[in-house]
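Not measured: the values here are computed from a predicted model. Letters A, B, ... mirror the listed sequences (proteins, then strands); counts begin at 1.
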Number of protein chains: 2
Amino acid sequence: MSKGERTRAAILDQALALTSTDGLSGLTIGTLAEQLGMSKSGLFAHFGSKEQLQQAVVDHAAALFAETVVKPALDKPRGLPRLLAFFDGWIAWSKEPPLPGGCPLQAASFELDDRPGPLRDVVARTQGELRQFVAGGARRAIEAGHFRSDLDVDQFAFEAIAIAYAFTMNQRLLRHPLAEGWARTAIDGLVQRASRRVV
Amino acid sequence: MSKGERTRAAILDQALALTSTDGLSGLTIGTLAEQLGMSKSGLFAHFGSKEQLQQAVVDHAAALFAETVVKPALDKPRGLPRLLAFFDGWIAWSKEPPLPGGCPLQAASFELDDRPGPLRDVVARTQGELRQFVAGGARRAIEAGHFRSDLDVDQFAFEAIAIAYAFTMNQRLLRHPLAEGWARTAIDGLVQRASRRVV
DNA sequence: ATGTAAAACGAACGATCGTTCTTTTGTCAA
DNA sequence: TTGACAAAAGAACGATCGTTCGTTTTACAT
């Protein structure tokens, strides 16, 4: 790994942390350079424009989520176990993210929803992929016989993602002590209703 | 209504529209003044600081939501009918809000969740009130015999709000054509499970 | 209609924004 | 060790940020 690549990686790490607290549009080259102890122009040269920096941050966030939440779940067997492991990792991610200010992608989902441009597209793509990942997991659970065969996997993914967003809001904004319990109960119910009727 | 009050109201209307697209921190006195055809200093004098302007915008947004969504629902009889009317109004609000860029309060929920200060407190208060309003509605539905008596109204409110957030995301960011259908199905299921077992 | 207070303006402040240069420093293979 | 190129710094740019202040205009009660 060359010097440039190392610096770029360090910039992205710090930029991701800053974005998680201040948002993508609160991300500033000046403060970022100051936090890293380097010059604005030196930092700037790595990305060419602020928008490209923001896009790199979004990609970096998605990669971190994949590494932290998705990858460990892939160790579990397909179907329900993997899905449950994913939900567990997801709750942990939302509860105590490896970032000081919560998931930057969720924040960006609302920050950019009406600001057309490449940045919005990148965020929309990652959220769309997440949706499809959950729906795909549900489909696998059907194939494995864990979920009932008439389950609407898209509806399932919608409700699962809904719980994640609401958990973040209740946990991070309202700091409600019951937030995690609500989220787990909701997930349990969702999985229960999706499961094969054993009665 | 004096001249000053009229101007202040006009400023808040425009500021709310601008906030809905650019977020609370994207709200800028310069662009706001330009859109209104008045001077920065003249506008500034109405609020004393940018943070007070932002707080006023949050209050204004909450008032608009109360007027547009909550108030019409209060015409319906207590319990389930009122709750259903509220959900209907809520979906309409999220789908085609009287603002160009979606609900500013939802966006602010993620924008400010880790930035302590009076602004964060105002947003948290309005979201907390919303939660309690929904939970209270569910409680009324229990009293009216529409919902089962062992329903956890806080859990109910959590899941209802979750659906609203997810709907906004799928509708505004992903622009998914099935978003409304998913939201309505989710709400139906939630109400169904909360309802008295008539079997 | 007149006087007074409220409301809006215009100009300027220092600070910071993203970006563009040129120059200096550092890396790394030959 | 030298030479070529990548990486970082430094200074400056016009623009915009929130805010202050003194002046001018407008509204409104008497």
Pairing donors with acceptors under 3.5 angstrom, does anything connect the side chains of A:Gln171 and A:Ser94?
no

What is the distance, to the nearest angstrom, from the CZ atom on A:Phe44 to the C1' atom on C:dT19?
5 Å

Taking all heavy atoms of B:Leu16 and all of B:Ala61, pick out the closest pair and write down the distance.
CD1-CB, 3.5 Å

Any carboxylate oxygen within less than 4.0 angstrom of a Lys/Arg side-chain nitrogen, looking at A:Asp59 and A:Arg125?
yes

The residue, B:Glu51 or B:Met1, whose nearest nucleotide of DNA chain D is more 5′ is B:Glu51

Going by distance alone, is a donor N or O of one side chain under 3.5 Å from an acceptor N or O of the other, for B:Glu51 and B:Gln55?
no

To the nearest angstrom, the CD-P distance between B:Gln52 and D:dG18 comes to 14 Å

If the plane angle is over 60° it's perpendicular, under 30° parallel, otherwise tilted; pick one for B:Phe156 and B:Phe87.
tilted

Rounded to whole Å, how long is the line connecting atom CG of B:Leu36 with atom P of C:dC9?
10 Å

Which pairs, with at least one residue in residues 161-180 of chain A and sequence neighbours excluded, count as a ring pair (Phe, Tyr, Trp, His ring centres under 6.0 Å)?
A:Phe110-A:Tyr165, A:Tyr165-B:Phe110, A:His176-A:Trp182

Taking CZ from A:Phe47 and P from C:dT19, how many angstroms apart are they, rounded to a whole number?
13 Å

Of residues 11-27 of chain A, the positions that come close to DNA chain C - non-hydrogen atoms, cut-off under 4.0 Å
A:Leu27

Side-chain ion pair, B:Arg131 and B:Asp154, N-O less than 4.0 Å:
yes

Sugar-phosphate atoms are those with a prime plus P, OP1 and OP2; base atoms are the rest. Using that split, label each nucleotide of nucleotides 1-16 of chain D B, S or - for protein heavy atoms under 4.0 Å, 5' to 3'.
------SSBB------

Has B:Arg6 got a side-chain N or O lying under 4.0 Å from the OP1 or OP2 atom of D:dC28?
yes

Between B:Asp13 and B:Arg6 (salt bridge meaning N to carboxylate O under 4.0 Å), is one present in this structure?
no

